[in-house]
Amino acid sequence: MHSWVAAHNPSLIGRDFANAIKLRINALPTNSRLRRGRAGDRYCRAGCRCKETLNHVLQNCPRTHGKRIARHDHIVNNIKAHLEQKGCQVFNEPIFDTPVGKRKPDIIAIRQGSALVIDAQIVGDSVDLNRAHRRKVNYYADNVTLVDGIKALYGVDVVRFYSTTLNWRGVWSQESLKPLLDERVIPRSMIPSLPTKVLIGGLACFNFFCKSTSSRARV
């Protein structure tokens, strides 16, 4: 989906818009891209034993870990603000102990006697988006202890599970997006706005990566 390109967004204009397009089409300068067809070190400038690709910089490099967390949290906070505006009682990252380990969904929102469990993820370039969505939903929905714990803690009879799944290019998982819209968890205005925020967060990751001198020795 490309609606973010045409949508009016005052936070993405001029150079940022041009760089967002470059990020979207994987055209930002990394060692692997700059040395394509030429000799030279293609490994990550942060010292990782990985080729310096945009996917590595935005998804895996330790240098950008903090910026990746901020990118994820920005998505979650926008959904949280919308649900609160609609009158939901929203809980951030509640922790539940279960037989298979702790579970900490990003958001649990209480609405009309139901608990909406929402977890956001921004995945890599080669990941099947719909499969990632299903895996995220099942991670919580298949945990009977978690479901029972949510019902008991919040006094609800129904628990529904959702994921907000996009990749770093700002592409939605259609299986993720449809129930979010159909069940009015997010408004239609977020169809372009959340991908825009993913791209802005990705640009922050990339710019921080390029400006930082932190590195670790390759072993």
Side-chain angles (χ1 to χ4, degrees), residues 1 58-60 62 64-124 127-168 170-198 200-201 205:
M1 299 179 68
L58 300 184
Q59 295 299 117
N60 301 306
T64 58
H65 175 76
K67 293 296 182 181
R68 289 199 299 274
I69 298 297
R71 180 184 61 178
H72 168 271
D73 289 350
H74 198 28
I75 298 299
V76 172
N77 289 338
N78 273 262
I79 297 171
K80 176 178 180 288
H82 168 72
L83 291 169
E84 288 176 334
Q85 185 180 23
K86 293 299 181 182
C88 297
Q89 188 177 12
V90 182
F91 301 90
N92 267 97
E93 298 186 340
I95 300 174
F96 295 86
D97 287 313
T98 78
V100 291
K102 294 183 183 297
R103 294 293 182 265
K104 188 174 70 171
D106 289 324
I107 290 173
I108 293 182
I110 308 304
R111 183 178 71 182
Q112 298 175 345
S114 298
L116 314 181
V117 180
I118 307 159
D119 212 69
Q121 59 180 342
I122 301 166
V123 300
V127 175
D128 183 305
L129 284 162
N130 290 331
R131 184 178 297 176
H133 156 70
R134 293 192 294 269
R135 185 167 57 244
K136 176 66 74 174
V137 168
N138 292 339
Y139 178 76
Y140 295 105
D142 291 347
N143 191 322
V144 176
T145 303
L146 173 65
V147 175
D148 291 342
I150 292 172
K151 289 179 178 179
L153 181 61
Y154 300 111
V156 297
D157 296 321
V158 177
V159 183
R160 297 188 175 93
F161 295 88
Y162 308 87
S163 88
T164 304
T165 299
L166 305 95
N167 67 17
W168 58 258
V171 178
W172 276 99
S173 157
Q174 289 302 301
E175 289 185 18
S176 163
L177 179 60
K178 188 176 187 304
L180 291 171
L181 293 174
D182 290 348
E183 298 171 38
R184 298 182 180 181
V185 179
I186 65 171
R188 297 195 69 84
S189 61
M190 283 190 178
I191 298 175
S193 71
L194 291 187
T196 301
K197 289 172 173 49
V198 169
I200 291 172
C205 285

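Note that this is a predicted model, so its numbers are computed, not measured.
Between the CD atom in Glu84 and the CG atom in Asn77 there is a gap of 9.5 Å [rounded to 0.5 Å]. In this structure, CZ in Phe161 is found 11.5 Å from CD1 in Ile118, a value given to the nearest 0.5 Å. Asn167 contributes atom CG, which lies 10.5 Å from atom CD of Gln121 (distance to the nearest 0.5 angstrom). For the atom pair NE2 (His82) and CD1 (Ile186), the distance works out to 8.0 Å, reported to the nearest 0.5 Å. Separating the CZ atom in Arg184 from the CZ atom in Arg111 is a distance of 9.0 Å, to the nearest 0.5 Å. In this structure, CG on Asn78 lies 9.5 Å from OG on Ser189, to the nearest 0.5 angstrom.
Atom NZ of Lys67 has 12 or fewer neighbouring heavy atoms from other residues, nucleotides or ligands inside a 6.0 Å radius.
Taking every heavy atom of both residues into account, Leu166 and Leu194 meet most closely at CD2-C, 4.5 Å. In terms of heavy atoms, Val147 sits closest to Ala141 at CG2-O, 3.9 Å. In terms of heavy atoms, Pro187 sits closest to Leu181 at O-CD2, 3.9 Å. Of all heavy-atom pairs between Lys151 and Asp157, the closest is CE-O, 3.4 Å. Taking all atoms of both residues into account, the shortest heavy-atom contact from Asn130 to Gln174 is OD1-N, 3.3 Å. When all heavy atoms of Leu83 and Ala109 are compared, the pair lying nearest together is CD1-CB, 3.8 Å.
Sorted by first and then second residue, the pairs that involve residues 83-103 and meet ring-ring contact (aromatic ring centres under 6.0 Å, His included), not counting sequence neighbours, are Phe91-Tyr154. Residue pairs satisfying the side chain to side chain donor-acceptor pair (under 3.5 Å) criterion with at least one member in residues 87-96, sequence neighbours excluded, are absent.
Two residues are said to be in side-chain contact when any heavy atoms from C-beta on lie closer than 4.5 Å; Asp128 and Val123 fail this criterion. Between Thr64 and Leu58 the shortest side-chain heavy-atom distance does not fall below 4.5 Å. Taking 4.5 Å as the limit, every side-chain heavy atom of Ser176 sits out of range of all side-chain heavy atoms of Leu129.
Checking side-chain atoms of Gln59 against main-chain N and O of Ile122 turns up a donor-acceptor pair under 3.5 Å. Judged by distance alone, with hydrogens and angles left aside, the side-chain atoms of His133 form no donor-acceptor pair with the main-chain N or O of Ser173 at under 3.5 Å. No donor-acceptor distance shorter than 3.5 angstrom exists from the side chain of Asn138 to the backbone of Asp142, with no hydrogens or angles considered. Judged by distance alone, the side chain of Asp119 and the main-chain N or O of Ser163 form no donor-acceptor pair under 3.5 Å.
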| said: Please determine whether side chain to side chain contact (heavy atoms under 4.5 Å, CB included) holds for the pair Val156 and Ile110, giving the CA-CA distance in whole Å, both sets of side-chain angles, and the decisive distance to 0.1 Å. | reply: CA-CA 8 Å; Val156 297; Ile110 308 304; 4.3 Å; yes
Assess the residue pair Asp106 and His72 against the criterion (side chain to side chain contact (heavy atoms under 4.5 Å, CB included)); give the C-alpha distance rounded to whole Å, side-chain angles, the decisive distance to 0.1 Å, and a yes or no. CA-CA 10 Å; Asp106 289 324; His72 168 271; 3.0 Å; yes
query: Going through the distances and angles, do Leu180 and Trp172 end up as a side chain to side chain contact (heavy atoms under 4.5 Å, CB included)?
result: CA-CA 12 Å; Leu180 291 171; Trp172 276 99; 4.0 Å; yes
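Every side-chain contact (heavy atoms from CB on, under 4.5 Å) that Val100 has, sequence neighbours left out, goes to Thr98, Arg103, Asn143.
Of the options Thr164, Asp182, Ile191, a side chain to side chain contact (heavy atoms under 4.5 Å, CB included) to Leu177 is made by Ile191 and by none of the others.
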